[in-house]
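See structure below.
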Amino acid sequence: MGDVQAGTRRAGSVPNLGVVRGSGSPGPGGAGDGLLLSLKRAAAALRDAGVEYALAGGFAAYAHGAAVSTHDVDFVVRERDVDDALTALAGAGMGHMDSPENWLAKVCDGEHLIDLIHTPSGRPVDGALLGRATEMAVGAVYMPVLPATELVIMRLLAFSETACDFSGFLHVSRALREQVDWPYVAEETAKSPYAYAFLTLLSRLGVIEGSVP
């Protein structure tokens with residue numbers, strides 16, 4: 001899978017999905033504004049508490065230019081910092097929720113959910129990952145955001161036999177394709193047959209160039 005080429009198809013444009021895009025906009029609009037407000041409140045609380053974090057998931061993809069498609073807020077933090085993060089968010093009036101998953105902690109801000117992910121797909125969050133985050137504007141507030149390449153890797157490794165719906169991530173891959181190091185994605189996800197299938201689909205659709213042997 002390491003033979004996937006870094007180049008992307010530049011002809012044509014990403015279709016307009018009818019949703020506000022990118023970090024230059026004030027927010028996703030509509031019902032998403034409440035979730036965006038929770039995101040900004042949580043980011044400020046983590047920052048003020050000195051907890052190192054980075055935005056991940058759908059809002060991070062939005063910051064990089066993808067259409068908004070998210071129902072919660074995802075932050076990545078080190079496992080050792082989860083308790084401090086929970087304390088910081090509790091100080092901002094947010095509540096800790098019980099979760100059966102042992103790779104994240106869940107917080108609610110009213111009806112809005114916030115995930116503190118410390119071990120996505122069995123890969124512990126560490127300083128190297130957080131160090132690759134870039135300060136970007138999200139709803140006019142600057143915060144550390146994971147790079148597009150890391151977002152794709154995290155999403156592809158999350159595909160499994162019982163969670164293998166590619167449709168939701170296709171538009172994200174199209175929107176971020178020129179920001180992603182596809183050979184590195186292929187290398188980092190080589191053990192996942194579901195990631196292989198998704199990359200093959202992207203190749204056959206012309207989203208990325210080259211085959212995925």
About how many Å separate [atom2] of [Y] and [atom1] of [X], when rounded to the nearest 0.5 Å?
{"X": "Leu199", "Y": "Thr189", "atom1": "CG", "atom2": "OG1", "answer": "5.0 Å"}
{"X": "Thr119", "Y": "Leu104", "atom1": "OG1", "atom2": "CG", "answer": "9.0 Å"}
{"X": "Leu46", "Y": "Met143", "atom1": "CG", "atom2": "CE", "answer": "10.0 Å"}
{"X": "Thr134", "Y": "Tyr142", "atom1": "OG1", "atom2": "OH", "answer": "12.0 Å"}
{"X": "Arg132", "Y": "Leu130", "atom1": "CZ", "atom2": "CG", "answer": "9.0 Å"}
{"X": "Leu116", "Y": "Tyr53", "atom1": "CG", "atom2": "OH", "answer": "11.5 Å"}

Practice task
Could you tell me whether Glu101 and Lys106 have a side-chain N and a carboxylate O separated by less than 4.0 Å?
Solution key: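 Salt bridge absent between Glu101 and Lys106.
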Handout entry: Asp126/Arg78 ion pair, N-O < 4.0 Å
Key =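 No, Asp126 and Arg78 are not salt-bridged.
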Handout entry: Atom CD of Glu135: over 12 foreign heavy atoms under 6.0 Å
Key =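 More than 12 heavy atoms, drawn from other residues, nucleotides or ligands, come within 6.0 Å of this atom.
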Handout entry: Crowding at NE2, His71 (>12 non-hydrogen neighbours, <6.0 Å)
Key =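 Not buried by this count: 12 neighbours or fewer within 6.0 Å.
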So, does [X] use its side chain to make a donor-acceptor pair with the main chain of [Y] at under 3.5 Å?
{"X": "His64", "Y": "Val172", "answer": "no"}
{"X": "Asp81", "Y": "Asp84", "answer": "no"}
{"X": "Trp103", "Y": "Pro124", "answer": "no"}
{"X": "Gln179", "Y": "Pro147", "answer": "no"}

Handout entry: Residue that, paired with Arg41, satisfies side-chain contact (heavy atoms from CB on, under 4.5 Å) out of Asp109, Ile114, Leu89
Key =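 By the side-chain contact (heavy atoms from CB on, under 4.5 Å) criterion, Arg41 pairs with just one of Asp109, Ile114, Leu89: Asp109.
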Closest non-hydrogen atom pair between [X] and [Y], with its separation:
{"X": "Gly65", "Y": "Ala175", "result": "O-CB, 4.1 Å"}
{"X": "Ala56", "Y": "Val76", "result": "CB-CG1, 4.0 Å"}
{"X": "Asp74", "Y": "Gly57", "result": "OD2-CA, 3.6 Å"}

Exercise for the section: Take Val73 and His112, measure what side-chain contact (heavy atoms from CB on, under 4.5 Å) needs, and give me the verdict at the end. Expected result: CA-CA 8 Å; Val73 175; His112 303 129; over 6 Å; no
Exercise for the section: Answer with yes or no whether the hydrophobic clustering places Val207 together with Leu170; edges join I, L, V, M, F, W, Y residues whose side-chain heavy atoms lie under 4.5 Å apart. Expected result: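 Yes, one cluster joins them.
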Practice task
Determine, using ring centers only, whether Tyr194 and Phe166 are less than 6.0 Å apart.
Solution key: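 Phe166 vs Tyr194: aromatic centres not under 6.0 Å.
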Handout entry: Parallel, tilted or perpendicular: ring planes of Phe198 versus Phe169, cut at 30 and 60 degrees
Key =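 Geometry flag for Phe169 against Phe198: tilted rings.
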Exercise for the section: Check the pair Thr149, Trp182 against side-chain contact (heavy atoms from CB on, under 4.5 Å), reporting the backbone distance first and the verdict last. Expected result: CA-CA 8 Å; Thr149 296; Trp182 293 107; over 6 Å; no
